[in-house]
Amino acid sequence: MQYIKSIIKPCTLIFWVSFFTLFSELSQASEKQHFSLAHIDQGIDLDGQLSEPHWQQATLVPLRYQNEPNEKGTPPVKTNAYIYEDGNYLYVGLVAYDNDPSQIRAALRDRDTLWSDDNVALMIDTFNDERTGYEFYVNPLGAQGDMRMTDTDGWSEDPSWDAIWDSAGQITDQGYVVEMRIPFTALRFPKNKADMTWGFALWRNYPRDVLYQLSNVGFDRDVKCSFCQFDKITGFNAMEPSKNIQLTPTLTALRHDTKNTVPGDWQHGDIDTEAGLDLRWGISQDAVINATINPDFSQVETDSLELDVNTTYSIYYAEKRPFFLDGASYFKSSLFELLYTRTIAEPDVGAKVTGKTNAHSYAFLYADDENTSILLPTNQRSGFANLAEKSKSSIGRYQYDLGEQGTIGVMSTHREATDYHNTVLSVDGSYWFNQTDSVLYQVATSDTKNSAFLTDKYGLEENQSDQAYKLEFSREKRGYSLLASYEDIGEDYRTDVGYQEKVDYKKALLGGGQTWYLDATEMITEYSYNVDWDKTWAQDGSLLEEEYEGYIFLKGQLQSSLEFGLIHRNENYNDNFYNQNIGFIYGGFSPTKDLRITLYSEFGSKIDYSNEQLGDLFTIEPELTWDINDHWQVQLEHSYSRLDNPQGDNVFTANLTDLRVYYKFNMRSMLKLILQFEDIERNQNAYYANVNRINRDYGSQLVYSYKINAQTLFYLGYSDKGYQDDSLKSVERDQRTFFTKLSYAWQL
């Protein structure tokens, strides 16, 4: 009972503030266009030509506005969209005219990698709640990208969401043409409603010397929300009932070889073959059940390496596994990440249900885990502990939409094993005062019982309970923005299936900036500045950090951007204070339509955490992306970092190189080579502890993939890893894996 009471008092004021949003009404910034969606009982040949005569009967939507770089400007090129439905599919055709088609930027792309190309998009708010929706992008050659997005406090996109839909594109003498065929089974929308109204926007990204963004909607920069400015389209009354069942059997086989001693001989592993099954059942138009048995959760795509030298907090990696990605947005709370699904590493079974009925959103997830990891944070550092036993996790969330833009949600997570559990209960939401001012809030409490293994190995108390809360106010106008936040995270607060890398602190932040917009023909098309101050204390009141930061941002021709700024930080580390002054520069430009170059650099004073002293740091990180032609692409990233101590001696020099080469045979078939090399050289005389002078890690991966869609695919690949320390004369491979994967999505 005490556990429940601990959250009630902090939530009382927040609840009543949210309650009054039931009576709030936001005026609309501009008059919306309203369209009627055509119903045509005919399909199309998906060829990127719009050759079928019935396209002329579709609903015509011209893209009349330029929203970037000028607000509600006149588009430099003409674009027309045609939309209709046949009861099973939503069809979208876009004719993108171009005065010089030779300048069109496009290549054969893997899914969700088309963002720098010319492309067109459909954005739809299927519940017409002006909070959540879908985006479907296609480039001129038919490559796809799709995302889920939310707009409860500014536009937020999730590109990890993947739907099964079809597209085609073709470059012509007048520009290019794109066709989309989106099954209604891929979407969620209100059930049992005739003549539904959806919010929608058609979009065209037109990258030339500057990036032009065109739409049927003329967005007002003085209005914070985007969904509330969408045009409306009514129809969808001929949708045919569907079982909406998808079965995806998966077969994987791999052999993992290791070396007992390095250098030494390979020890060949057994061939491990496993079959799994994923089920996706749309029990209604607005609710989906997912289940998985013996899932293949292997990471076919290699994670990008991050330099982990001179860091004190754990590295965050994005989720890539399909079971966790479908409906992931339903589990997101406003300010804390209470569910970080990569903490569920090796489940045998998993099930979840996600859906929305009118103003009510709900989600529940259950999964077991053979390899249970727990993030153990403090206010100085964090690291993962392994529980060394199987665990079970269950997560539930409910959200109610208040008024025009507000929300209030309740979420609970629970993980348990033998003599261990962690439970979190949270209330969160948003409140909009008007079209520019809003507040986000979240309150959470946790209760943890640590096993004997955790208490003995990591020195934890047997029982830990604590609270956390955060309040964030923001104002966003055309010419300026303001931000203020306060958070309080208790010392014993833990979210074992979430991600909270730091605890035992209180933090206040104030910030803001101004922006000026110029014409698209100017050398500089936009410039701004931002400043902020933040101060952090431990729960006992001692100062942890005070920081002042300011930067200037410029945007201009050649799709260039430049940001440079200064940071002054007074940081407490192990009861000693260090004044750090850091400068940084980040910028990029496209000298040609096929080449993009970016550069980040940081320089100044920085804490040497290993030796507890103030050093001088220099970091430079160039990155190059080159589309050699429609088939070949090269991505090269390098990071160089050097830290010197106060005596001028080098402490370490770190280099990290990540090279990725892609060859696309066609839109479905691709060969990918990844080479990663990390080299950290430490000056042993500059360290108090014993360290290796040589610290090198190597990894490579060669993968052939054939993808019909996000779930029907084939992989065949090889990967290996190696290292070198002071005991070795060269980099030696000590792990290698041969693998294949086949999955097929059966839609019933």
Side-chain angles (χ1 to χ4, degrees), residues 26 29 32 63 67-68 81 90 92 111-116 119-139 144-165 167 180 182 184 186-190 197-205 211 213-217 219-221 223-233 286 288 318-320 322 324-335 337 339 354-356 359 361 363 397 399 401 404-407 409 428-430 432 435 438 440 474 476 710:
L26 300 178
K32 298 183 179 71
L63 277 62
N67 293 304
E68 176 71 30
L90 181 64
V92 184
R111 190 183 193 92
D112 294 333
T113 61
L114 51 70
W115 312 120
S116 61
N119 57 69
V120 289
L122 169 69
M123 305 176 184
I124 44 175
D125 173 11
T126 57
F127 283 93
N128 198 28
D129 60 5
E130 300 183 352
R131 290 171 174 83
T132 60
Y134 304 88
E135 298 179 61
F136 297 90
Y137 287 81
V138 182
N139 83 350
Q144 293 183 354
D146 47 20
M147 293 188 280
R148 284 278 286 164
M149 69 280 202
T150 58
D151 195 18
T152 54
D153 192 71
W155 192 265
S156 176
E157 296 175 323
D158 179 12
S160 62
W161 177 78
D162 288 324
I164 296 177
W165 54 291
S167 61
M180 305 182 198
I182 303 169
F184 288 122
L187 307 174
R188 303 187 186 191
F189 45 86
T197 296
W198 292 2
F200 82 105
L202 280 307
W203 200 264
R204 180 179 178 183
N205 287 309
L211 173 62
Q213 293 184 323
L214 319 176
S215 179
N216 57 301
V217 180
F219 289 96
D220 187 340
R221 289 174 176 161
V223 178
K224 187 174 184 179
C225 61
S226 297
F227 275 130
C228 66
Q229 302 185 64
F230 274 22
D231 288 342
K232 304 295 182 180
I233 189 165
D286 56 1
V288 173
E319 181 60 82
K320 299 177 181 179
F324 289 120
L325 294 177
D326 190 18
S329 60
Y330 287 81
F331 292 93
K332 290 184 178 180
S333 56
S334 59
L335 291 170
E337 188 163 4
L339 176 60
T354 53
K356 181 169 186 175
S361 301
R397 177 165 175 79
Q399 180 174 295
D401 297 340
E404 295 291 333
Q405 297 294 139
T407 63
D428 69 278
S430 62
W432 287 60
Q435 293 175 331
S438 63
L440 295 175
S474 63
E476 294 185 14

Look up atom [atom1] in [X] and atom [atom2] in [Y], then write down how far apart they are to the nearest 0.5 Å.
X: Trp432; Y: Thr407; atom1: CH2; atom2: OG1; result: 10.5 Å
X: Trp203; Y: Asn67; atom1: CH2; atom2: CG; result: 5.0 Å
X: Asp231; Y: Asn216; atom1: CG; atom2: CG; result: 4.5 Å
X: Asn128; Y: Lys232; atom1: CG; atom2: NZ; result: 3.5 Å
X: Ser430; Y: Gln399; atom1: OG; atom2: CD; result: 7.5 Å
X: Ile233; Y: Asp125; atom1: CD1; atom2: CG; result: 13.0 Å

Using modelled atom types only, decide if a donor and an acceptor are shared between the side chain of [X] and the backbone of [Y] within a distance under 3.5 Å.
X: Asp112; Y: Asp146; result: yes
X: Arg131; Y: Gly406; result: yes
X: Arg111; Y: Asp162; result: no

Testing the basics here: between [X] and [Y], what is the closest heavy-atom pair and its distance to 0.1 Å?
X: Ser361; Y: Lys356; result: OG-CD, 3.4 Å
X: Trp161; Y: Ala163; result: CH2-CB, 3.4 Å
X: Cys228; Y: Val223; result: SG-CG1, 3.8 Å
X: Ile164; Y: Ala186; result: O-CB, 4.1 Å
X: Leu202; Y: Ala81; result: CG-CB, 3.7 Å
X: Tyr330; Y: Gly355; result: CE2-O, 3.2 Å

Regarding Glu130 and Lys224, does a basic nitrogen lie under 4.0 Å from an acidic carboxylate oxygen?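 Result for this pair is no, no salt bridge flagged.
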With the side chain counted from C-beta on, respond yes when [X] and [Y] share a heavy-atom pair under 4.5 Å apart, and no when they do not.
X: Ser438; Y: Gln405; value: no
X: Thr150; Y: Lys332; value: no
X: Met149; Y: Glu135; value: yes
X: Leu90; Y: Leu122; value: yes
X: Tyr134; Y: Arg148; value: yes
X: Met123; Y: Val217; value: no

Assess whether side chain to side chain contact (heavy atoms under 4.5 Å, CB included) is satisfied between Glu337 and Phe331, documenting all intermediate values. CA-CA 9 Å; Glu337 188 163 4; Phe331 292 93; over 6 Å; no
Would you call the rings of Phe227 and Trp155 parallel, tilted or perpendicular, taking 30° and 60° as the class edges?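 Rings of Phe227 and Trp155: tilted, 30 to 60°.
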How are the rings of Phe189 and Trp198 set relative to one another: parallel (under 30°), tilted (30 to 60°) or perpendicular (over 60°)?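 Judged by the thresholds at 30° and 60°, the geometry between Phe189 and Trp198 is tilted.
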Are Leu339 and Arg397 close enough, and set up right, to give a side chain to side chain contact (heavy atoms under 4.5 Å, CB included), and what steps lead you there? CA-CA 10 Å; Leu339 176 60; Arg397 177 165 175 79; over 6 Å; no
Verdict with supporting geometry, Trp165 and Val138, side chain to side chain contact (heavy atoms under 4.5 Å, CB included): CA-CA 11 Å; Trp165 54 291; Val138 182; 3.7 Å; yes
Asn205 and Leu211: side chain to side chain contact (heavy atoms under 4.5 Å, CB included), yes or no, with the steps? CA-CA 7 Å; Asn205 287 309; Leu211 173 62; 4.3 Å; yes
